[in-house]
J.: 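Before anything else, here's the structure in question.
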Amino acid sequence: MSIRRLSAVAFLMLTLGSATAATAVSNPVEPQTIAQNQRPNRPGGKEGGMFDKLNLSADQKQKMQAVRDRYKDQVSQRMQAVRQARQELETMMAGTANASQMREKHRQIIGLRQQLEEVQFESTLAMRELLTPEQRSQLAQMMQQRRQTAKNRMQNGQKPQ
């Protein structure tokens, strides 16, 4: 399994919240990370979220918030950089830029995405350390169910949530 895929899987295991649509050439969807969630003492950010189902202790919730706070700005800055570079590429596509310039912008976007994934992965690892082995197992099962539901929706032509 590639490092990129491994980091994406690990990130997805602790990613909560809804997806944020990004304006881009291919209009990809960027998942909202735990580090972006602003609701204090609510690691999942949503009523009935996955972390609520894990029955986190008060100490775990407090530590999750601290991890979220530690990574929030880094994740936000990198996401903004990716969005801006994508917008620049879109503008280049519509304008007079040559293929070489657009390839360079595309390489820049790839690098920025990798930086974002690295920060998200580090955040995920920090939060993973706060979970008990049983909670990790429960979360993995919930994420598998969530991926299957999303796959089914896509196969049926529905929008992912």
J.: Test Q77 against D73 for side-chain hydrogen bond (donor to acceptor under 3.5 Å, both in side chains), laying out the working first.
T.: CA-CA 6 Å; Q77 290 169 1; D73 288 341; 5.5 Å; no

J.: Working note: M127 + R68, criterion side-chain contact (heavy atoms from CB on, under 4.5 Å); need CA distance, chi angles, decisive distance, verdict.
T.: CA-CA 8 Å; M127 290 192 180; R68 186 173 32 250; 4.0 Å; yes

J.: Taking only residues two or more places apart in sequence, or in another chain, which ones meet Q145 in a side chain to side chain donor-acceptor pair (under 3.5 Å)?
T.: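 Side chain to side chain donor-acceptor pair (under 3.5 Å) check on Q145 returns nothing, list empty.
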
J.: Find the distance between NZ (K72) and CD (Q74) and round it off to the nearest 0.5 Å.
T.: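 If I round to the nearest 0.5 Å, the distance is 12.0 Å.
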
J.: Would you give the length of the straight line joining atom CD of Q62 to atom CG of L130, rounded to the nearest 0.5 angstrom?
T.: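 Reported value, rounded in 0.5 Å steps: 11.0 Å.
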
J.: Return yes if some donor-acceptor pair links the side-chain N/O of Q135 with the main-chain N/O of T132 below 3.5 Å, else return no.
T.: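 Looks like yes, one N/O pair under 3.5 Å.
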
J.: To the nearest 0.5 Å, what is the distance between CD on Q87 and CG on L89?
T.: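 That separation rounds to 9.5 Å.
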
J.: Can you see which heavy atom on L56 is nearest to which on K61, and at what distance?
T.: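 L56 and K61 have their closest heavy atoms at O-CE, 3.6 Å.
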
J.: Taking side chain to side chain donor-acceptor pair (under 3.5 Å) as the definition, give me every residue that meets it alongside Q84, ordered by chain and number, with sequence neighbours left out.
T.: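 Here the qualifying residues are E88.
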
J.: Locate the shortest heavy-atom distance separating L131 from L54; write the atom from each residue and the value.
T.: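 Minimum heavy-atom separation between L131 and L54: CD2-CD1, 4.4 Å.
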
J.: Looking only at heavy atoms, what is the nearest atom pair of M102 and M92, with distance?
T.: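 Nearest heavy atoms, M102 then M92: N-CE, 3.7 Å.
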
J.: For Q155, does the CD atom sit with more than 12 other heavy atoms under 6.0 Å from it, leaving out its own atoms?
T.: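 Counting other residues, nucleotides and ligands, CD of Q155 exceeds 12 neighbours.
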
J.: Where do V67 and S123 come nearest, in terms of heavy atoms and distance?
T.: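 Shortest heavy-atom separation between V67 and S123 comes out as CG1-O, 3.9 Å.
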
J.: So, the side chain of T124 versus the backbone of Q120: is there a donor-acceptor pair under 3.5 Å, distance only?
T.: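 A pair under 3.5 Å: yes.
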
J.: Ignoring hydrogens, what is the shortest heavy-atom contact between A85 and L112? Give both atom names and the distance.
T.: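 Heavy atoms only, the tightest pair is CB-CD1, 3.7 Å.
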
J.: When rounded to the nearest 0.5 angstrom, what distance separates CG in L139 from CE in M143?
T.: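 It comes to 7.0 Å.
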
J.: Is there a donor-acceptor contact under 3.5 Å from the side chain of R136 to the main chain of R128?
T.: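 Checking the backbone N and O of R128 against the side chain of R136, a donor-acceptor pair under 3.5 Å is found.
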
J.: Let me confirm one number: the CZ-CD distance from R86 to Q108, rounded to the nearest 0.5 Å.
T.: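 These two atoms lie 12.5 Å from each other.
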
J.: Nearest 0.5 Å, please: how far is CE in M64 from CG in D69?
T.: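 Atom-to-atom, D69:CG and M64:CE are 13.0 Å apart.
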
J.: Can you tell me if S137 uses its side chain to pair, donor with acceptor, with the backbone of P133 under 3.5 Å?
T.: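 No, the answer is negative, given that no donor and acceptor are paired below the 3.5 Å cut-off.
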
J.: Return yes if some donor-acceptor pair links the side-chain N/O of Q60 with the main-chain N/O of S57 below 3.5 Å, else return no.
T.: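 Side chain of Q60 to backbone of S57: a pair is present.
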
J.: Taking it one step at a time, do I109 and R113 satisfy side-chain contact (heavy atoms from CB on, under 4.5 Å)?
T.: CA-CA 6 Å; I109 292 168; R113 282 182 184 157; 3.8 Å; yes

J.: Should we say atom CZ of R103 is surrounded by more than 12 heavy atoms from elsewhere, each under 6.0 Å from it?
T.: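 12 or below, so no.
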
J.: Does the side-chain contact (heavy atoms from CB on, under 4.5 Å) test come out yes or no for E90 and K105, once each step is laid out?
T.: CA-CA 10 Å; E90 186 175 327; K105 183 57 70 176; over 6 Å; no

J.: Are any side-chain N or O atoms of Q101 and backbone N or O atoms of N98, one a donor and one an acceptor, separated by less than 3.5 Å?
T.: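 The answer is yes, because a donor-acceptor pair under 3.5 Å joins these two groups.
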
